[in-house]
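Inspection log for the structure reproduced underneath, given as structure tokens.
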Amino acid sequence: MDQLKSEHANVSAAKRTDVSRETSEGRSSLATGSAGTGASSKRVAVVGAGIAGLAAGVYARQSGFDVTVFESHAIPGGASTSWSRKGYLFEGGMHWLTGSSPKTALNAVWNEIGALDAEVPIYVRDPFLAYEFEGRTVYLYRDVDRLEEHLLDVAPEDARQIRRLVKDVRAFMKVSMPVFDLKGVKAAVPRKAGMGEMLAMLPAMARMPAYANQTARAFADRFSNPLLRTLFASMVGEDMSAMGLAFTLATLAAGDGGYPLGGSLAMARRVAETLERLGGRIEYRSLVEQVAVRDGRAVGVVVDGEERAFDAVIVTQDLRMAVDELFDPPIVEPWAEHLREHVHPILDTFVSLGIRSDLSDVPECVGFPLDEPVFCGGQRHDALSFNNYAAYEGYAPEGCTAMTLFMNGDTYDWWAARKADGTYAQEKRKLAEAVIAAVSKKCPQVEGNVEVWDVATPLTYERYLRSYKGSWMSNMLPGEKQTSYPAKPEGIADVYFAGQRLVAPGGLPTAVDTARTAVQHLCRDTGTVFQGAL
């Protein structure tokens, strides 16, 4: 059920270990002679119109810079995307959003860039998940007291482990992703976390290593009940750190992790519209081939073979790809070498179904075991889970249902081999047919009523995102310290980095937070006041 791991970047509230400290400050020619010139005379290129690129564009434009965002695709959003097929809308990115709750510091950031506002409805489903196994069903309720009571009813034999987990969830509920200002930046509205907030997080900090140092599978094996054991092993991916599982439950219990109606693409379009309303520009179908560097500083970008002059460049393309593809020669600083060696990409294959049947009586997120395994990219799956959008207006024709299934696993090489030998389309169809058969056994009203299917493999995402193996997050291995990468290279001035790959595990919160930080670096280098408000 790897869709549950989509936005749990609350982990980044933990201490971040910078591979290169803040020596990434480097030198900036923008700062030279900038006094009195004002930010408005400085032209900034942003590479990529994903959430990080759009957010960077908005923050830079708010602070007075002349902004142009370049996007190789025809639409904004990057990994935060959805697509339409024959009247069905398939959600291909966000399934819940950290910071959707107004009680969180991150919510203000989403509002600052126009991603959310008072007019955007937030749907908070409860129960969040129904998981079935051997004729029984367990539910993930948001109310932590109700969750504890339900789990104890399902598995009284695991009372000790359940109470320990729930106690930890209550502690983790007090951990939220902080929003800080960069040291030395002038901010129109300064941001810092209060001492009370930090003290409230201390009990959770003490328990984090217990989860960070084991996989979800190892954590699940502590439970005797097979239903709970299977649920916890599959909830965020059995090879991922159990930290993701704990923070998922805590996010839900805290009332966060809602779904903005309209989903990924609608949210991206709101940010894009905000940028354009502020006077920024987005050039779609415009591939940035290289950052132009002369005499140790960025002087622009090469777009579709033509060099375009800019005073600064903010790169939001997947950093793992950017250090090699966008710079000639590639960046070889120690942090970049660490990045090349230590990225553990999270990959998924997305299967989407348009069903000529109303599934509004079926839970919105269901996990279930299979009688016969389904093979995706050569990997065996003994269980599936789906997101059911029957209750969402505009996702399907009247009386019909859009459904998505995510199948995790690094299948990149397998799909690449199928592409090379000409069987790629055939294998996608075989996968779709196997999934349809499995879902039809679970929900008989699906059988014979699938009007459209769509399979997006890691190669699909690689093509649209230009990301490493088509991945959209990074895995943190058990016991692995959280690593962050610098917002600036040491050897090239006037280049700034942002995006999900800068801080594992990534996700939308990391994208927007690193975008904000990149623009604060730019403001500090130019003596500009960071505005950060509409």
Side-chain angles (χ1 to χ4, degrees), residues 2-3 6 46-54 69-85 88-94 263-265 268-269 272 282-290 301-305 315-326 343 345-352 376-379 404-432 452-474 499-501 506-508 511:
D2 57 305
Q3 72 270 30
S6 51
V46 180
V47 181
I51 293 298
L54 294 171
V69 178
F70 295 97
E71 170 56 49
S72 61
H73 199 6
I75 56 174
S80 182
T81 192
S82 52
W83 53 88
S84 296
R85 297 286 186 274
Y88 292 90
L89 179 66
F90 297 134
E91 175 60 75
M94 169 180 60
S264 295
L265 187 55
R269 282 177 169 154
I282 306 174
E283 296 189 15
Y284 295 105
R285 302 185 186 279
S286 298
L287 174 64
V288 173
E289 298 166 346
Q290 193 174 314
V301 291
V302 178
V303 182
D304 296 327
V315 174
T316 68
Q317 181 187 344
D318 181 349
L319 189 63
R320 173 63 181 80
M321 301 292 282
V323 294
D324 291 325
E325 291 190 346
L326 293 184
V343 166
I346 293 175
L347 283 68
D348 291 283
T349 297
F350 294 60
V351 181
S352 304
C376 172
Q379 296 184 3
T404 59
L405 301 94
F406 295 22
M407 307 179 74
N408 71 311
D410 187 347
T411 58
Y412 179 87
D413 291 339
W414 190 92
W415 286 111
R418 304 294 83 76
K419 192 81 168 179
D421 68 18
T423 61
Y424 184 67
Q426 177 185 340
E427 290 295 340
K428 289 208 296 184
R429 175 174 287 278
K430 282 172 60 177
L431 174 59
V452 57
W453 60 264
D454 187 81
V455 174
T457 74
L459 271 66
T460 309
Y461 278 78
E462 179 187 50
R463 184 170 70 254
Y464 284 114
L465 307 181
R466 301 179 66 78
S467 68
Y468 179 59
K469 288 190 168 185
S471 65
W472 49 284
M473 285 183 74
S474 298
Q500 56 89 9
R501 198 72 77 187
L508 290 171

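- In terms of heavy atoms, Gly77 sits closest to Leu54 at N-CD1, 4.3 Å.
- With 3.5 Å as the limit, one finds no donor-acceptor pair spanning the side chains of Arg501 and Ser467.
- Ser264 places a side-chain N or O within donor-acceptor distance of the main-chain N or O of Met94, the cut-off being under 3.5 Å.
- Between Val343 and Ser474 the shortest heavy-atom distance is CG1-OG, 4.2 Å.
- Counted within 6.0 Å of CZ on Arg429, heavy atoms from surrounding residues, nucleotides or ligands total 12 or fewer; the atom is thus considered open.
- Taking both residues in full, the closest heavy atoms of Leu326 and Val288 are given as CD2-O, 3.5 Å, listed atom of the first, atom of the second, then distance.
- Across all their heavy atoms, Leu347 and Lys469 have their closest contact at CD2-O, 3.5 Å.
- Here the closest heavy-atom approach between residue Tyr461 and residue Gly92 is recorded as OH-O, 2.9 Å.
- Between the Glu289 side chain and the Gly305 main chain, a donor and an acceptor come within less than 3.5 Å of each other.
- Atom-to-atom distance recorded for Leu508:CG and Gln500:CD is 9.5 Å, nearest 0.5 angstrom.
- Under a 3.5 Å cut-off, the side chain of Thr81 and the backbone N or O of Ala79 do not form any donor-acceptor pair.
- In this structure, the side chain of Ser84 does not engage the main chain of Leu89 through any donor-acceptor pair within 3.5 Å.
- Glu91 places a side-chain N or O within 3.5 Å of a backbone atom of Gly93 that can act as its donor or acceptor partner.
- Ring orientation note: the planes of Phe350 and Phe406 are tilted relative to one another, at an angle of 30° to 60°.
- The side-chain heavy atoms of Ser72 and Arg466, taken from C-beta on, include a pair separated by under 4.5 Å.
- One N or O on the side chain of Arg418 and one on the backbone of Trp414 form a donor-acceptor pair closer than 3.5 Å.
- Donor-acceptor pairing under 3.5 Å is recorded for the side chains of Tyr424 and Thr457.
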Exercise for the section: Would you check, one step at a time, whether the test side-chain contact (heavy atoms from CB on, under 4.5 Å) holds for Asp318 with Leu465? Expected result: CA-CA 8 Å; Asp318 181 349; Leu465 307 181; over 6 Å; no
